[in-house]
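The structure appears right after this line, and notes come after that.
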Amino acid sequence: MKGTLEQISIQGITGPQQRPRQRPGVRPGVRPGIRPGNRVDINSIGNIAISGISKIDVTPKAPSRKVIETALKTATVQVRKDDRTEQSLRKFDTPDIQTEGFGPHLLTSLEAIEISENAQVMIETAKNAVEKLKIDKSQRRKVLEQIPDSVLNKIKKQTRCPFGAVQCDPTNKYRTADGSCNNVANPLWGKSHTPFERFIPSFYEDGLDDPRATDVFGDPLPLARDISVKVHTVSDSTTQMNDLSHFSMEFGQFVSHDIQMNALSKGQYLSNLNCCASPQRRNCFPIPLPTNDPFYSTFNRTCMNFVRALATTNLECELGPRQQLNMNTHYLDGSAVYGSDKATADSLREFNGGRLKTSTNNQLLPKDIPNKSSCKLPAGNPNIKCFLAGDPRVNQQPALIALQTIWMLEHNRIAKTLEQLNGDWVDEKVYQETRKIVSAMIQHVTYNEYLPHILGNQQMIDLDLKPKASGYFTGYDPTTKPQIRNGFSAAAFRFGHSMVRQRLAYNGPLHSNQSPLLHNEFLKPDKIYDANGGISSVTRGLYEEFSQKVDRKMTKELTERLFESIHGFGGDLAAVNVQRGRDHGIASYNIWRMVCELTPADDFTAGITGGLEHHSTVEALALANTYSSPWDIDLFTGGVSETPIPGGKVGPTFACMIGLQFRALKFGDRFFYESNTDVKFTPTQLTEIKKTTMAKIICENTNINRIPKDVFRKTTTSNINPEISCSSLPEVILQKWKNCVDGGWSSFVKKNRCVKMRVCNKPKPNSCGKKCVGSPVQFTCLNNIKTRKNRKLPNISGLPNIRRKNRRG
Ligand code: HEM
Ligand SMILES: [Ca+2]
């Protein structure tokens, strides 16, 4: 098995100097990889590839302590020098909204920048050490893995590893704001501001840091923009889906914003790097635009800004390849609504009745008065402001604002009811219980409604992703790493970009439709305030329209006009996706096929095993016209252009990667809503949560009163998915949360002079089935009892277990 990967790694991926000039003719027989079902060990998928790839040769010895210490000294000087260069080039930096192509994905936190400052030294140290020993690029990572802990620990101390210990409260029944302490043994797993995990190791040009750049023949890879033009850009309007609604697209983006936000590099004082003006800077990786570019050449543009993601070490702060930082909690935990750290969470709270802050008659998200989120405000209307939510990208476009608003309103609706039901609950209790319910609802809608449409029923069953019709899920596995995987974030889950329509519909075609082009709506909150817009009309527009198919094609609104302020100067999201994959050292498409137990392509022949097996002729041709070898295909490009699997919307490679990620998010989350862990819902509460549908949540929080049962499918006027009355949709009965506090004890009653006992009777029986905590008996007059044996226990009816236990002593 390993031999197979060895061959491929030599021929396909390890470095230009080792690559043959002819096509790699490898046809491995048995492939290591991922099998469906319970045997999947998500954590070890990377190891399969590591063990295979690293056996290329005998691994040279790890650098000695002395080499590493010298490397560290040099690195420290180097990073300081780089810092000075950055200072001197800061004249090129621009503030957010004045930066061409600025979008809220560039809102990097100060915390991320601080983490990266430390990491930069570690990565430079690693590079210096392997260069000093003249270690081949293909073996650098492996060599660094051999460094003994004693040496590593010393370096870690010197460079102050930013991923230090956290204090956990073992009695906390709720998720922490930053996701820490979810996994008791590994409290940092899934915390915000920690690195993305990897399914398989990185594939950097130099083995550690430089973006993937050369093809299997040693020539430069095709330019990201060329790939976008030849594979991803099409004239709009032709590739509608025939079932899923545009709401499916938007929900995907909302889920994406819950589980990940990549920290991108910034210039001095949180301004933006202008990489076209200063490409030599350490985090610049601008996208060249070909002189014959069909669109940008008209505007004489030759370069598109692109900044690298901030560098970090891995969570263990080891000396190794560059990693990237997730600023959000990795868990699917409602962080897009609540925030990914305590300060943000607090800033969004009313601190009254458990509610979240609102604006505009409690109908809209709170306003960002200092305008830190940098959206575009219309002139002459001072009431219109950008919005605030748990995820800073909320203002990116109105459909996202609408969904963010709906979930915030759902929180406040539930909080109000819980407060009414439980007069004795303080603000904190209402907030946390409501947050627990809302996070559970987000998870339920994702696993019950959204994912089956994307992955198809079979993949849901194979990976045990389907919620049970009733009862608990018992598969919580504290050894499963929940973290978002780099390949998922930088490529696979970006499949949703292909579903984006050219136009955003307000009110929907069944109701006086208005459909402006998407680029006109980027960063604009005004329609949300508008009587003709508003969240109801945006939401209706989403389920009354089809989404675009998941295929290689993306609307020109995204590939030519992303966040444009002047026509011709917008961005290209397809090119950015390709460039981001290279920036993160994501392995090429064929490698991921192998990881997923699919046969890699040796040639561009469509539809046959060993060729582009899961591509149609037209898609294969587009790839053949772009790449010299199928071994070079970028993961985003190769994956998004696969023919969808039966019953799903993405091809087999992305279905595998997305499926495994959501499996990790289910099996590795102690707070997963369906899980039978110490923080579980009561059985009756879980039954209620499972009644949640996205349609009902929309009904509850907008002025929509007729809606299709499945908003992920486009509504029709036939009887396939017709609009029905909101009142006919099942309701989550919040009464099941009434007084759901631990039971209360009666006062102690003395029995037989020595033993006191009490009865669990407040309320009686407890309305949500919770027991009293602690022992019903207490021994107070031990001095009256001669020996334990002699102790006479009272005959407490209904407590047989306790008696037996006490007898055993
Ligand atoms: C109008 C709709 C959308 C727009 C304008 C948009 C725009 C963007 C932008 C500008 C980025 C940052 C790219 C980079 O610098 O690497 C991004 C990242 C991403 N997008 Fe979208 N997107 C949209 C919808 C979606 C949808 C529907 C999905 C998934 C179903 C999705 C998934 C992702 C993912 C996974 C990332 C990487 C996130 C990260 O690592 O921070 N996006 N998107
Ligand atoms: Ca999260």
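Ligands are counted one by one from 1 in listed order, and the atoms in each one are counted from 1 as well.
- Using a 4.0 Å cut-off between a side-chain N of Lys or Arg and a carboxylate O of Asp or Glu, Glu521 and Lys527 qualify as a salt bridge.
- The shortest heavy-atom distance from Arg393 to ligand 1 is under 4.0 Å.
- Interface of Phe522 with ligand 1, defined as ligand atoms under 4.0 Å from a residue heavy atom, comprises 5 (C).
- Electrostatic pairing of Arg308 and Asp209 counts as a salt bridge here, judged by a charged N lying under 4.0 Å from a carboxylate O.
- Counting only N and O atoms by type, the side chains of Ser335 and Thr329 include a donor and acceptor under 3.5 Å apart.
- Partners of Phe636 by ring pair (Phe, Tyr, Trp, His ring centres under 6.0 Å), not counting sequence neighbours, listed by chain and number: His232.
- Those atoms of ligand 1 that come under 4.0 Å of a heavy atom in Val576, given as number and element, are 13 (C), 14 (C), 15 (O), 16 (O).
- Set against the non-hydrogen atoms of Asn262, the atoms of ligand 1 under 4.0 Å away are 39 (C), 40 (O), 41 (O).
- At the top of the distance list for atom 2 (C) of ligand 1, counting protein heavy atoms only, stands Val500 CG2, 3.7 Å.
- Close contacts between ligand 1 and Phe563 involve ligand atoms 10 (C) [criterion: under 4.0 Å to a heavy atom].
- When hydrogens are left out, the protein atom nearest atom 27 (C) of ligand 1 is Met249 O, 3.1 Å; that is the closest non-hydrogen contact.
- The closest side-chain donor-acceptor pair between Thr312 and Gln323, if any, does not fall under 3.5 angstrom.
- Considering Phe254, Tyr543, Phe712 as possible partners of Phe247, the one that fulfils the ring-ring contact (aromatic ring centres under 6.0 Å, His included) test is Phe712.
- With respect to atom 6 (C) of ligand 1, the closest heavy atom belonging to the protein is Gln396 NE2, 3.3 Å.
- Distance from atom 29 (C) of ligand 1 to its nearest protein heavy atom, with residue and atom name: Phe493 O, 3.1 Å.
- The shortest contact between atom 16 (O) of ligand 1 and any protein heavy atom is with Arg580 NE, 2.7 Å.
- In this structure, Arg670 fails the cation-pi test against Tyr476, since its NZ or CZ atom is not both closer than 6.0 Å to the six-membered ring centre and inside 45 degrees of the ring normal.
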(request) Could you walk me through whether Phe563 and His105 pass the ring-ring contact (aromatic ring centres under 6.0 Å, His included) test, one step at a time? (result) CA-CA 11 Å; Phe563 305 128; His105 58 291; 5.6 Å; yes
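- Ser489 counts as a contact of ligand 1, since one of its heavy atoms falls under 4.0 Å from the ligand.
- Under the 2.5 Å cut-off for SG-SG separation, Cys275 and Cys303 do not qualify: their sulfur atoms lie farther apart than that.
- Each of the atoms 29 (C), 30 (C) of ligand 1 lies under 4.0 Å from some heavy atom of Gly252.
- The ring of Phe495 has its center closer than 6.0 angstrom to the ring center of Phe493.
- By the 6.0 Å and 45° rule, Arg485 does not stack over the aromatic ring of Phe488.
- Asp96 has a carboxylate O that lies under 4.0 Å from a charged side-chain N of Lys266, or vice versa, which qualifies the two as a salt bridge.
- Taking Glu564 as the reference, Arg561 meet the salt bridge (Lys or Arg N to Asp or Glu O under 4.0 Å) condition, with sequence neighbours excluded.
- Asp634 and Arg580 are not joined by a salt bridge, as no carboxylate oxygen comes within less than 4.0 angstrom of a charged side-chain nitrogen.
- In summary, the side chains of Thr94 and Ser271 do not present any donor paired with an acceptor at a separation below 3.5 Å, with no hydrogens or angles considered.
- Inclusion of Tyr450 in the set of residues having an N or O under 3.5 Å from an N or O of ligand 1 is not warranted.
- Donor-acceptor pairing under 3.5 Å is recorded for the side chains of His497 and Asn577.
- Residue-ligand proximity: Phe306 is placed with every non-hydrogen atom at 4.0 Å or more from ligand 1.
- Not a single heavy atom of Phe251 lies less than 4.0 angstrom from ligand 1.
- In this structure, atom 35 (C) of ligand 1 lies nearest to the protein heavy atom Gln260 NE2, 3.1 Å.
- Around atom 21 (Fe) of ligand 1, the protein atoms of type N, O or S that sit closer than 2.8 Å are His497 NE2.
- Judged by a 6.0 Å distance limit and a 45° cone about the ring axis, Arg212 is not positioned over the six-membered ring of Phe203.
- Of all atoms in ligand 1, numbered sequentially from 1 with element shown, those under 4.0 Å from a heavy atom of Met261 are 41 (O).
- Side-chain polar atoms of Gln579 and Arg582 form no donor-acceptor pair below 3.5 angstrom.
- Of the polar atoms of Gln397, none of the N or O atoms is found under 3.5 Å from an N or O of ligand 1, judged by distance alone.
- Protein N/O/S atoms found under 3.0 Å from the Ca ion (ligand 2), listed by chain and residue number: Asp258 O, Asp258 OD1, Thr329 O, Thr329 OG1, Tyr331 O, Asp333 OD1, Ser335 OG.
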